[in-house]
Amino acid sequence: MRKKIGIVFQEPALDNELTGRENLDFHARMYGLDKKNRKTRINQVLKLVDLVNKKDEYVNNYSGGMKRRLEIARGLMHHPTVLFLDEPTLGLDAQTRRAIWEYIKKMNRDEGTTIFLTTHYMDEADYLCKRIGIIDQGKILVIDTTENLKNSVGNDVITLSCDDLEILIIRIQKEPWIKNIKMYGSSLTLGVEKGEEKIPVIIEIAQSLGLKIKSISVRKPTLDDVFLSFTGKNIRIEEPEPVYKKIARRRLLGR
Amino acid sequence: MIGAEFQAIYVMWLREMKRFSRSRSRIVGVIIQPLFFLVILGFGLRGAILPGLTGDYIDFIAPGIVAMAILFSSMFTGISVLWDKQFGFLQEVLVAPISRFSIIIGRTFGGATISLLQGFIILIISIFLGVTVSSTAGLFLTIIFMVLLAFTAVGFGLILASLMRDFQGFQIIINLIILPLFFLSSAIVPIQTNENLPKFLIDASFANPLFYMVDGLRGSLTGMNWVFDPLINLVIVFIICAIMMGLGTYFFSKSEA
């Protein structure tokens with residue numbers, strides 16, 4: 001069972017006093033790969049994460065992104081059917097993040113590995129995952145494909161702010177074309193169809209109530225909207241332990 | 001599956017070897033420090049009359065220093081599990097499809113190999129310095145004592161590492177446990193045969209496991225100044241070693257990464 005699973009922990013779990021190649025070799029030995037397999041596999045995974053040139057350097061001298069890549073390579077060493085990634089791009093710069101996304105896509109495509117990953121970053125989930133689950137307070141609130149989740153919010157999202165939101169909400173709730181309504185702080189988010197056409201309607205309503213709209217905008221829904229509509233709160237990026245709120249995204253392969 | 005477990009033991013052993021051979025400061029440090037004790041104390045006090053001592057002081061202190069080298073080095077390897085805990089490497093080992101028992105065996109063999117290497121270096125140097133060797137059989141028995149001491153100390157280190165969460169208490173443990181044990185083992189000065197010492201201290205020293213190891217080493221290597229017959233010590237030391245290894249294994253398998 002354990003041989004079928006690969007894990008990449010949130011905290012680095014490499015031996016800094018060994019070289020990259022040795023780290024992979026020790027891992028392969030513990031997972032029972034024979035000598036010939038070890039050698040070819042090490043070269044394969046190193047190529048996948050572009051670390052071939054650095055393989056004989058001590059991990060101590062690796063940068064954070066390189067360590068992360070080496071860990072992902074190590075997770076793949078023994079051909080796992082399922083690979084778990086715990087926040088694979090936490091604390092990395094934008095460039096490295098992009099690169100790691102590409103590696104994740106590549107191994108999913110080339111190796112046929114099913115990948116489960118948890119993340120706090122909505123754009124990461126959006127880019128990588130086919131199916132996404134949202135976990136709040138330790139409970140799975142929803143699991144669905146990215147498309148379906150976005151559609152559940154509405155085709156367009158209108159964000160607006162005005163002097164008295166409460167009055168506006170009471171009035172606007174009665175409109176049948178409103179799919180979704182949420183208030184965050186001083187702004188209101190509405191899920192609607194054909195957002196452009198609804199803006200004049202909303203302004204009219206506000207004027208009839210004697211309210212002054214400060215700002216209004218329409219955009220396509222993002223996963224942030226999905227997340228907020230399910231949890232009802234703003235996302236907290238990082239908390240000192242324990243992290244009560246966490247988003248888990250899953251990517252399931254239909255192969 | 002048996003093959004995989006052997007492979008795991010080998011990996012853990014190899015890792016210890018590689019890490020050790022790569023940290024030069026550690027190699028130099030662990031050989032220089034006991035050598036200082038041996039040369040400075042051994043020759044500085046040579047010919048001095050110590051209460052409870054018969055014969056040359058360097059003959060007395062050499063087995064004690066060999067024990068010291070092995071003790072500190074082995075304990076260090078045992079405790080180095082803490083490093084793996086802190087740097088996360090232990091998680092990686094624990095999720096691997098190998099038993100915890102293999103992990104411990106591999107680590108223990110690795111630690112014991114390193115500390116025995118140091119012990120032998122000190123032993124050879126002290127023989128060159130003119131320390132009396134009682135007999136070939138005695139030398140052979142000395143090696144057995146060294147092996148047992150190495151395993152016992154690794155086991156003790158494993159217990160400490162499993163009970164500790166970080167290095168906060170490390171210095172306290174060295175000062176409060178290791179040093180008293182070491183000084184009361186009569187490695188440096190005679191304790192049991194010294195009438196000037198308070199009686200409770202002498203009584204307490206018999207409860208010190210390290211005393212039997214040092215006494216056994218001394219009895220088998222130089223054949224002088226021993227309190228118990230080396231063979232009696234051997235039995236006692238063997239039992240202590242088994243208990244320590246057992247406890248070390250138990251605590252490690254209970255501990256979390």
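Each chain gets a letter, A, B and so on, in the order its sequence line appears, and its residues count up from 1. In this text, all values refer to a predicted model and were calculated from it rather than measured experimentally.
- More than 12 heavy atoms of other residues, nucleotides or ligands sit less than 6.0 Å from atom NZ of A:Lys106.
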**Item:** Evaluation steps, side chain to side chain contact (heavy atoms under 4.5 Å, CB included), between B:Glu92 and A:Glu71
**Value:** CA-CA 10 Å; B:Glu92 146 77 7; A:Glu71 289 205 299; over 6 Å; no

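- Under the side chain to side chain donor-acceptor pair (under 3.5 Å) criterion, B:Arg15 pairs with A:Asp15, B:Asp84, sequence neighbours left out.
- For the pair A:Glu17 and B:Arg22, the salt-bridge criterion is not met [side-chain N within less than 4.0 Å of a carboxylate O].
- In this structure, chain B has no heavy atom under 4.5 Å from any part of A:His78.
- For a residue to count as touching a neighbouring chain, one of its non-hydrogen atoms must lie under 4.5 Å from one of that chain's; by this rule A:Leu18 touches chain B with backbone and side chain alike.
- Among the candidates A:Asn23, A:Asn16, A:Leu14, the single residue satisfying the side chain to side chain contact (heavy atoms under 4.5 Å, CB included) test with B:Phe89 is A:Asn23.
- In A:Lys150, the NZ atom is crowded: over 12 heavy atoms of neighbouring residues, nucleotides or ligands sit closer than 6.0 Å.
- To the nearest 0.5 Å, atom CD of residue A:Glu11 and atom CD of residue B:Gln91 are 7.5 Å apart.
- More than 12 heavy atoms of other residues, nucleotides or ligands shown are found within 6.0 angstrom of CZ on B:Phe72.
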**Item:** Steps toward side chain to side chain contact (heavy atoms under 4.5 Å, CB included) verdict (B:Leu14, A:Phe26)
**Value:** CA-CA 9 Å; B:Leu14 190 66; A:Phe26 282 10; 3.7 Å; yes

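- Note that CE of A:Met30 and CD1 of B:Ile103 are 7.5 Å apart. Values are rounded to the nearest 0.5 Å.
- When the shell of 6.0 Å around CZ of B:Phe43 is examined, it contains more than 12 heavy atoms from other residues, nucleotides or ligands.
- Heavy atoms from other residues, nucleotides or ligands lying under 6.0 Å from CZ of B:Phe238 number 12 at most.
- If you measure heavy-atom distances from A:Asp25 to chain B, you find no contacts under 4.5 Å at all.
- Both the backbone and the side chain of B:Arg19 come within less than 4.5 Å of a heavy atom of chain A.
- Interface residue A:Tyr31: backbone and side-chain heavy atoms are both found under 4.5 Å from chain B.
- The number of heavy-atom neighbours closer than 6.0 Å to CD1 of A:Ile140, taken from other residues, nucleotides and ligands shown, is 12 or below.
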